[in-house]
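Chain identifiers are assigned alphabetically (A, B, ...) following the order of the sequence lines, protein sequences preceding nucleic acid strands; residue numbering begins at 1 within each chain.
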Amino acid sequence: MKSRIEVVLERSLAAAREAGALLSDSTAAGTLEVPKDRSHGDLASNVALTMAKAERKAPRAIAEALVVHLDDPEGWVESADVAGPGFLNFRLTPRFWQTELAELSAADGLRVPDFGAGRRVQVEFVSANPTGPLTVGHGRNAVLGDTIARLLSGTGHEVHREYYFNNAGRQMKVLGESVRSRYLEEVGRPTEFPEDGYQGDYIREIAHSLVEEHADGLADHEGTAFRAAAEQAIFEEIRRTQDRLAIRFDLYFNEDVLYSTGAIEKVLAALDEKGFVDRREGAVWLRGEAVGLDKDRVLVKSSGEPAYRLPDIAYHENKLSRGFDEIVDILGADHIEENKEVRAGLAALGLAADRVRPVIYQFVTLTRNGEQVKMSTRRAEFVTLDDLLDEVGVDAVRFFFLSRKSDSHLDFDLELATKQSTDNPVYYVQYAHARIANLLAEAGRQGVELPDGAVAVEVLAPLDDADDFELIGQAAAYAEIVDLAARELEPHRVVFYLQDLAAGLHRYYNRHRILGDEAPGRIRARLAMLVVVRKVLAAGLDLLGVSAPDRM
RNA sequence: GCGCCAGUAGCUCAGGUGGAUAGAGCAACGGCCUUCUAAGCCGUAGGUCGAAGGUUCGAGUCCUUCCUGGCGCACCA
């Protein structure tokens, strides 16, 4: 929407230079934006302010010169005024807005610039250890990662979604022992529950199903048999939860592959060869000073087992070797240091560590009845993501998780979320969509000819109200918002945009009785406009993975 | 002690690379349905943008130093 006026601005600057009103070598690096206060016009530019120094002239004088030399052959600008310290405020013509809307109504009218064309991006998210059901915290990760993947796909990237399945570590061993203990308990054998074992009911359930299947036939088995059963059961549950959220992965990457293929040893050998490794106290250390970390870190424990960060480096080495241009890691705040170590390790190996782009999200705190609920998988004090989905619903959960920037803590008040779920902003946006759908249906019943597909500017000529133009302007901002959200990996921008657009629609809907208009041409033009607004709402909600219902 | 993130209305939060009188939702108060969905709209009230300095035409935004909260700083993942 800005591009037309940017052209006018460029032409006017050139004209002013030619006329000697401006120094010819000065560069204009101003911004063009929709002013917060609409009384300032439809678009405002601060070029005059940014040029003031180079021009050695008062900003207002520069702005005046631009108004005098305004070059607008297409007739987009209704008026250009100098305001405040030197802002240039443009009011645009009906023709401008009608043209804008006509373009939006075209089949590819909402197309977002394909800045990712030809780029392969991997998004790694969730990656929860299969030691228990997904928690509310995992939910934030899942929804954030999935939506970032959608944003990247929507901007032309070739996206690969991956779940790093951490099935090789000590925690899995503890998991197996926990199940074994519950199993022995149930078949009446003496047992001692592991001190750091997983205490959740789901462990008992897994043990119980093993008793049903094998009676006490497994009593003399080692933990590994139990571990495999637990891993499978929990993994299936994780997948079920993801299905509810419509989240799919292209690949579940198993950590143990890194062991079986020798990738871990190779990475260690390479680091060693380059002199980044130290051996002392029976362990193998990554030399912090040499790789840009503040302290040394253990790569291989004195027990001979790799510490978690070594397979993690090997995993990222594997990712890079698959030729991705960018690797997005969705990580909780507690993993930021680890990611730094991984990138330092990659850089030390001479690999493109700068292709790894972490998206850090702060923790979700959960409150119930005004009290904070502590979440810990191990102590079984958690609310599962499934519970949350049961209580609040998929659309509301997704929308809520996305409605804060990832850097902010997210406070999920369960009482509020359940009790006031109808106040959830997601319904506000969906309602705007349903309202338009309903209006179009009513128009159909009244025999009004409905616009279908691309609409010609001539058809839109009856649009003459400032409210019409404002709504068109809001709808036209879609591509720019999505573009920014995708570049910055910030889905919350889409959420806030949709809320603004929905507010604009509701306001418009209350002020104008569309079907009651005495001019049939204007009814058709306005319906065409609302068809576009509905299209934008549906596209935006789809990016968030939220449904756009026709009836509510 | 060190590092990262946050601190904006009573509550939950928005405020690209500095722009005009700092916004939204919820909560509060007052209005609007015989007419396309009131899950909506309109209005009122609510702020020393954690504090103090600094940078400049201009700072919620950038710099410095503090204060408060969260998360890290394991031979746990």
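- Separating the CG atom of A:L402 from the P atom of B:A14 is a distance of 12 Å, rounded to the nearest angstrom.
- With both pairing distances under 3.5 Å, B:C2 is matched to B:G72 as a Watson-Crick or G-U wobble pair.
- Taking the centre and axis of the six-membered ring of A:F400, the NZ or CZ atom of A:R404 falls inside the cone set by 45° and 6.0 Å.
- Counting only heavy atoms from C-beta on, A:Q362 has its side chain closest to B:C5 among B:C75, B:U12, B:C5.
- Counting any heavy atom pair closer than 4.0 Å across all strands shown, A:H433 reaches no nucleic acid atom.
- Ring planes of A:F165 and A:Y252: perpendicular class, angle over 60° (limits at 30 and 60°).
- Between B:C2 and B:A77, the distance separating the two P atoms is 28 Å to the nearest Å.
- Using a 4.0 Å heavy-atom distance criterion, A:E480 is classed as a base contact.
- Nucleotides B:A27 and B:C42 have their P atoms positioned 16 Å apart, rounded to a whole Å.
- Taking 90° from 0 as the syn/anti boundary, the base of B:C5 is oriented anti.
- The aromatic ring of A:F87 sits over the base of B:A20, with ring centres less than 5.5 Å apart and planes tilted by under 30°.
- The phosphate of B:A77 has OP1 or OP2 within less than 4.0 Å of a side-chain N or O from A:K301.
- Atom name C1', nucleotides B:G70 and B:G23: the rounded distance is 26 Å, in whole Å.
- Checked against the 6.0 Å centroid criterion, the rings of A:Y315 and A:Y164 qualify as a close aromatic pair.
- For A:Y509, the listed nucleotide lying nearest its side chain is B:C36; candidates were B:A20, B:C36, B:G40.
- Taking atom C1' on both B:G25 and B:A20, the two are 26 Å apart, rounded to the nearest angstrom.
- The partner of B:U55 is absent, by the rule that a Watson-Crick or G-U pair needs both atom distances under 3.5 Å.
- Shown here, B:A9 forms no base pair; nothing in the strands shown gives a Watson-Crick or G-U wobble contact with both key distances under 3.5 Å.
- Nucleic acid contact for A:A83: base, since at least one base atom lies under 4.0 Å from a heavy atom of the residue.
- Residue-nucleotide stacking is present for A:H40 and B:A20, judged by a side-chain ring centre under 5.5 Å from the six-membered base ring centre and planes under 30° apart.
- Within 4.0 Å of A:N339, counting heavy atoms only, lies no atom of the nucleic acid at all.
- A donor and an acceptor atom, one from each side chain of A:Q171 and A:N129, are located under 3.5 Å apart.
- Interface remark: the A:Y308 side chain does form a donor-acceptor pair with the B:A77 base, using a distance-only criterion of under 3.5 Å.
- In this pair, A:Y478 and A:Y497 present their aromatic rings tilted. The plane angle is within the 30 to 60° band.
- If you check distances only, the side chain of A:D500 never reaches the base of B:A14 with a donor-acceptor pair under 3.5 Å.
- With P as the reference atom, B:C66 and B:G1 are 10 Å apart, rounded to whole Å.
- Contact record, A:G504 with A:L471: C-CD1, 3.9 Å, taken as the closest heavy-atom pair.
- Using C1' as the reference atom, B:U55 and B:U61 are 14 Å apart when rounded to the nearest Å.
- Residue A:R513 is classed as a base contact, given a heavy-atom separation below 4.0 Å to a base.
- As judged by a 4.0 angstrom heavy-atom cut-off over every strand, A:E337 is placed among residues touching the sugar-phosphate backbone only.
- Closest to the A:L439 side chain, of the nucleotides B:U12, B:C36, B:C75, is B:C36.
- To the nearest whole angstrom, the two P atoms, one in B:C71 and one in B:C13, are 15 Å apart.
- When rounded to the nearest whole Å, the span between CG of A:N510 and P of B:C32 equals 14 Å.
- Counting non-hydrogen atoms under 4.0 angstrom, A:R309 reaches nothing in the nucleic acid.
- Closest approach to the A:I514 side chain among B:C13, B:C5, B:C36 is made by B:C36 (side chain taken as heavy atoms from C-beta onward).
- Seen from the ring of A:W285, A:R297 does not count as a face-on cation partner, given the 6.0 Å and 45° thresholds.
- Using Watson-Crick or G-U wobble geometry with both donor-acceptor distances under 3.5 Å, B:U21 finds no partner in any strand shown.
- As the counterpart of B:G40, B:C32 is assigned, both hydrogen-bonding distances of the Watson-Crick or G-U wobble pattern falling under 3.5 Å.
- Between the base of B:G19 and the side chain of A:N46 there is a donor-acceptor pair shorter than 3.5 Å.
- In this structure, B:G69 shows a glycosidic angle more than 90 degrees from zero, which is the anti conformation.
- Checking B:G16, B:G69, B:G40 against every side-chain atom of A:H409, the shortest atom distance belongs to B:G69.
- Side-chain N/O atoms of A:R507 include none lying less than 4.0 angstrom from OP1 or OP2 on B:G40.
- Closest to the side chain of A:S408, out of B:C71, B:C13, B:U35, is B:C13.
- Nucleotides B:A28 and B:G53 have their C1' atoms positioned 38 Å apart, rounded to a whole Å.
- The phosphate of B:G72 has neither OP1 nor OP2 within less than 4.0 Å of any side-chain N or O from A:K340.
- Between A:Y428 and B:C41 there is a side-chain N or O to OP1 or OP2 distance below 4.0 Å.
- Contact check on A:R287 versus A:D296 returns no salt bridge, with no Lys/Arg side-chain nitrogen under 4.0 Å from an Asp/Glu carboxylate oxygen.
- Taking the side chain of A:D411 as heavy atoms from C-beta on, and the options B:G40, B:A77, B:U12, the nearest nucleotide is B:U12.
- The phosphate of B:C75 has neither OP1 nor OP2 within less than 4.0 Å of any side-chain N or O from A:R280.
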